[in-house]
Amino acid sequence: ALLLKIRLQLLIYGQNIQYINPHRSFLFAPDQEESLAQFIDSALADSSALAEEALDSAVLLGNLRGNVVGLRYYTGVVSKNEMVALQREPRNAHDSNAIRVNNINGDQVGHLRRQLAAALAFILDNKLARIEGLVPYKVNNKFTMPVQLSFWAPEAQRAAVLSHLQQHGLNLAPPTQGAGVWRARAGPSYRAPSHQPVHMTAEQLKSEFDKIFEDIKEDNKTAEMEPAPAVRTALLPHQKQALAWMVTRENNWELPPFWELRGGLYHNLLTNFTQSQRPDSVHGGILADDMGLVTIWGARGGGGGGVELNGPSADLEQFEQHMDPGVQLRRCLYYGPNRPRDPDFLSQQHVVLTTYTTLTTEHGVKGVSPLQAVLWLRVVLDEGHTIRNPNTRQTRAALALKAQRRWLLTGTPIQNSLQDLWSLVSFLKLKPFTERQWWHRTIQRPVSLGDEQGLRRLQGLLRNITLRRTKNSQVRGRPVVTLPRRTLCLQHISLCEEERQIYQAIMDEGRSTISRYLREDSMMTHYADVFAILVRLRQLCFHYYLPTNSSPAPPTTPDGTPEELRAKLVRKMKMVLSCGVDEECAICLDSLRLPVITHCAHVFCRLCICQVIQQTNARCPMCRAEVRAGQLVECSPGETDSTPAESTRPAWVSSSKVDALMLSLIEIRRQDPNIKSLVVSQFTAFLSLIEIPLRAEGFSFVRFDGSMSRSRRAKTVSSFQSCSPASPTILLLSLRAGGEGLTLTAASRVFLMDPAWNPAAEDQCFDRCHRLGQTRDVIITKFIVKDSVEENMIKIQHRKRDLAIGAFAAKSHSEVTKARVDEIRTLIDL
DNA sequence: ACCGCCGGGTGCC
DNA sequence: ACCGCCGGGTGCC
C-alpha cells in the first residue's frame, strides 16, 4: 500500500507536468518467494581480490610505489590524488601476469610495469590481499605515471603477503599514521595528512547514526504539495511533504552528491576524478518511511490493510480506489503465465505492475525480457531493501532495468550493515558508487573504521537521496503522526511445582553437559547439542509438551564414530530448527535467512556461509572445521509444522503460561468483546497447542504463520481486520511470519508468549498493530517465566540493544564465537 | 676492437 | 622518453 501511495502521487504528478511522459511507469510489488538460484549463482564482479566478507576485516598492511606504463595507448586520464582500480588480465597475450589500471570511470589508463605485475599477480590471483591504487601527483609525461599501491588483507594473511613480496625484492612502506582511511583532501603528496582521522567509540558511532536520518529540519523536505485533482484520497501532511520532495527530486538538475564544477570540469570530491561530461543528476531517491502501508488507509478512515499480501492484482484494485474514476489510466499486470509479453504494449501503459519473482525469472534468459527492453519513465521498487544483497539475481535484475527515474520504498534502508546500502545507492545510479569498490573505499570502510569524515560523507549522501519519516519524526516541532499510546508490560510467570521439577531436571542435565563442553573448550563443536538444550528449556517455559518428535534428548554420549556423532548433530540441529525457533546467523548476526547446516553441525544463512566458502581454505566461523558447499544441509524453519495428529495428541493439559494467557483473554472479552488480540510465539507448534483452550472457551480465532500460502494469508488477515461482528478476535501469529507489510491494526492487545533473541524482531512484530490506522491504545504483554532461561534472555536483549551499533564495526569471528559462549553461559547461569 | 664511445631508433602488457 | 635500452657504426691525439 505504501507502493500505492507513491504510485498515485507520481503518476498524477506525471500527468501534471508537461515534459514528463506519463507513459511507461513501472512498478514493483514485493513478493516473498525467493528462489535458491538467486543465492547459488552469486557473481564475482570485482576482480581485484578478496571476498567482500574478508574485506571488512582487512587491515592496511602498507604501501608500495609503482608505475603505470603504456599511457599513450589508452584514453583513461587520471589527475592528482585520484584513485585508480587494478584489474588482473590473466589472458593478456603479452604477459599472463598483466595487471590493468583503470580510472574511476572504468577507462583503461595503462598497465602496471611488467616486473611489478609479476610480483603482484600471485597476490591478486590467490586473493591474499586487496591492492588499491592512488596516483599521488600529476606528471606531464605521456608514457608513465606513478601509483601508490595500498595492500589490504586480513591480519592472518599479512605474513604470506609480505614474504611473497620479499621474494620479489619488494618491501612495503609501513602505513603512515591515519592513512588507513583515505581522505579526499589529503594534500599534494602522500605524506601523512595534517588532520588525524578521528576515531569514534561505539557509543559515538551510534549517536552519529541516529543523526543521519535526523534531517527533518531541512526546509526542502517540509514543503507540502497537493496531489492532482484526480486523486480522490485526501493526503496527510507528511504525505504531501513526501510528494513535494519527490517532485523536487524528479526535477532535480543539480550535480549529484560529491560533485562540483571546477574550471569547466566536473570534479568528484571523494575520488578526485575529473571529467568534462556533466555527471547525471539523481532523479529519484529512497523513501525510508517506516509508517508502512497504512498511510493511505488511515487517511480514508481505516479499513483494508495487508493488501500487498494479495499480490499485485489486489494492489492495482486498491490503487484504483484512490483515483477519480473519470481518469482513464492504461494499466496492466505483468504477472503470471499469461502476462502480456509485448514490449510495445508495455510501453503504452501508464502503469505496469509486476513482482520481483517475475523480473528475476525473466532476467538473464535468452532473448531480451520485455521488462528489460522498455525504457521506463519510472521504476519504483516497493520494499526496496529486498535488493540489499548485491549477489542475488533479483538485485542484478533490478539494477539492469532502464529507467529515467528510480525510487526505492523501504522502511529499513540499513538492516545489517552499511553494506546493505550499496545496492540501493547503485540502483539510483549514483556515480561513482555504481561500482562496489568506490563505495567501499570512500564510504563503507572509512565508516566501519570509525572515521568521522566517512560518517559525514554518509550523512551527506543520505540526506541528499532519502526522505526519512518514522513514527517518531517531527516536523516543525510536531510529530508527523500521532499514534495511540503503546504500553509494554512484562508479566512474570511462576511455574507450578510439577513444571518446575521437569524444568529443573532438564536444566541440571543441560547445565552439566554444557559445563563439560566449557571445560573441554568444545562448546562450538557441540553447538547443535547446546542449541537443542537451550531450545528445550525455552519450550519448557511454555509447556512441557514436546512439539518435535524428539525424545527428551539423551545427552550425546561420546561413543560412536566421529562420523556418527556428526550425523547425529546435524540431525539434531535440523530437528530443532524445524520447530520454528528464531536463531541467529553467526556471520551476519541477524536472523537466519534460508538456513543451512554445515557438515560440522552449525547453522548459517545460506548466502553468508557461501560467501565464506568462496575464500581459499574456508573454515567454519564457529569451529574452524572445513566447510564445503556440497555438504550443506537444507532446512527451512517452519516447514515441518509438527502439529500432532488428533489421535496421537495427549489429553489436554494446560500450563502456567497458557493459564495466564487464557485468564487475560477471558478478562479482556468480559470487559470489551470488541477488543482483538495477537497471540505471538516463535514456536508454531505451541500456537497449535493454544488452539485447544481457545476452542474450549468459545473464542473465535484465526492463525497466521510462515507455512501458509499467500492467498490463505491474505484471507486470514482480511477476516481478522474486518469489523464485522462475526470476525475473529484472536490471531495466533508466528513471530517472524509476514513481511514488514503485514498490518494487524484491528488488534490492540499483543501477547508475546516467548522472548526472542533479537529485540528488533519483537519490535517489528509489535509494529504490526501499533502503526497508522490504530485507534486504540496498544498494550503488549510479554510473558516471562521467573528463574528461567527466559529471564536471562531478557538480560541479553538489554545488552544487545546497547550494542546495536556494533553491527557497523567489523567483528572478528573469534569475537563472535566468544560472545556466543558468553551468551550461553549467561543463559544457564554458568 | 673479444673493447669503449657515439648517436639514432625506439618505447606497455 | 629532457629517460633507459638496443644494436650498428666506429676507433689516436
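When reading the values below, keep in mind they use all heavy atoms of this one structure, side chains included, and skip hydrogens, waters and symmetry mates. Letters A, B, ... are given to chains in the order of the sequence lines, protein chains preceding strands, and every chain is numbered from 1.
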Indicate whether A/Phe143 forms a stack on C/dA1; treat it as stacked only if centroid distance is below 5.5 angstrom and interplanar angle below 30 degrees.
->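 Stacked: centres under 5.5 Å apart, planes under 30°.
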Less than 5.5 Å between centroids and less than 30° between ring planes, does A/His94 satisfy that with B/dC13?
-> yes
Does the cation-pi check pass for A/Arg457 over A/Phe258, that is, NZ or CZ under 6.0 Å from the six-membered ring centre and within 45° of its axis?
-> no
Cationic tip of A/Arg436 within the cone over A/Trp422's six-membered ring, i.e. under 6.0 Å and within 45° of the normal?
-> yes
Length of the line joining [X]:[atom1] and [N]:[atom2], which is rounded to integer Å:
| X | N | atom1 | atom2 | result |
| --- | --- | --- | --- | --- |
| A/Tyr73 | C/dA1 | OH | C1' | 12 Å |
| A/Asn97 | B/dC12 | CG | P | 17 Å |
| A/Gln115 | C/dG4 | CD | C1' | 12 Å |
| A/Met145 | B/dG11 | CE | P | 20 Å |
| A/Asn67 | C/dA1 | CG | P | 13 Å |
| A/His111 | B/dG11 | NE2 | C1' | 15 Å |
| A/Arg113 | C/dC3 | CZ | P | 15 Å |

With respect to the phosphate group of B/dG11, does any side-chain polar atom (N or O) of A/Arg72 fall under 4.0 Å of OP1 or OP2?
->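 Looking at the OP1 and OP2 atoms of B/dG11, neither is under 4.0 Å from any side-chain N or O of A/Arg72.
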Taking only the [atom1] atom of each, what is the distance from [N] to [M] in whole angstrom?
| N | M | atom1 | answer |
| --- | --- | --- | --- |
| C/dC5 | C/dT10 | P | 25 Å |
| B/dG11 | B/dC6 | P | 25 Å |
| B/dC2 | C/dC13 | C1' | 25 Å |

What residues, two or more places apart in sequence or in another chain, satisfy side-chain hydrogen bond (donor to acceptor under 3.5 Å, both in side chains) together with A/Thr395?
-> A/Thr392
Nucleotide forming a Watson-Crick or wobble pair with C/dG9, both distances under 3.5 Å | B/dC5
Residues in ring-ring contact (aromatic ring centres under 6.0 Å, His included) contact with A/His363, at least two apart in sequence or another chain =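 Checked A/His363 against ring-ring contact (aromatic ring centres under 6.0 Å, His included); zero matches.
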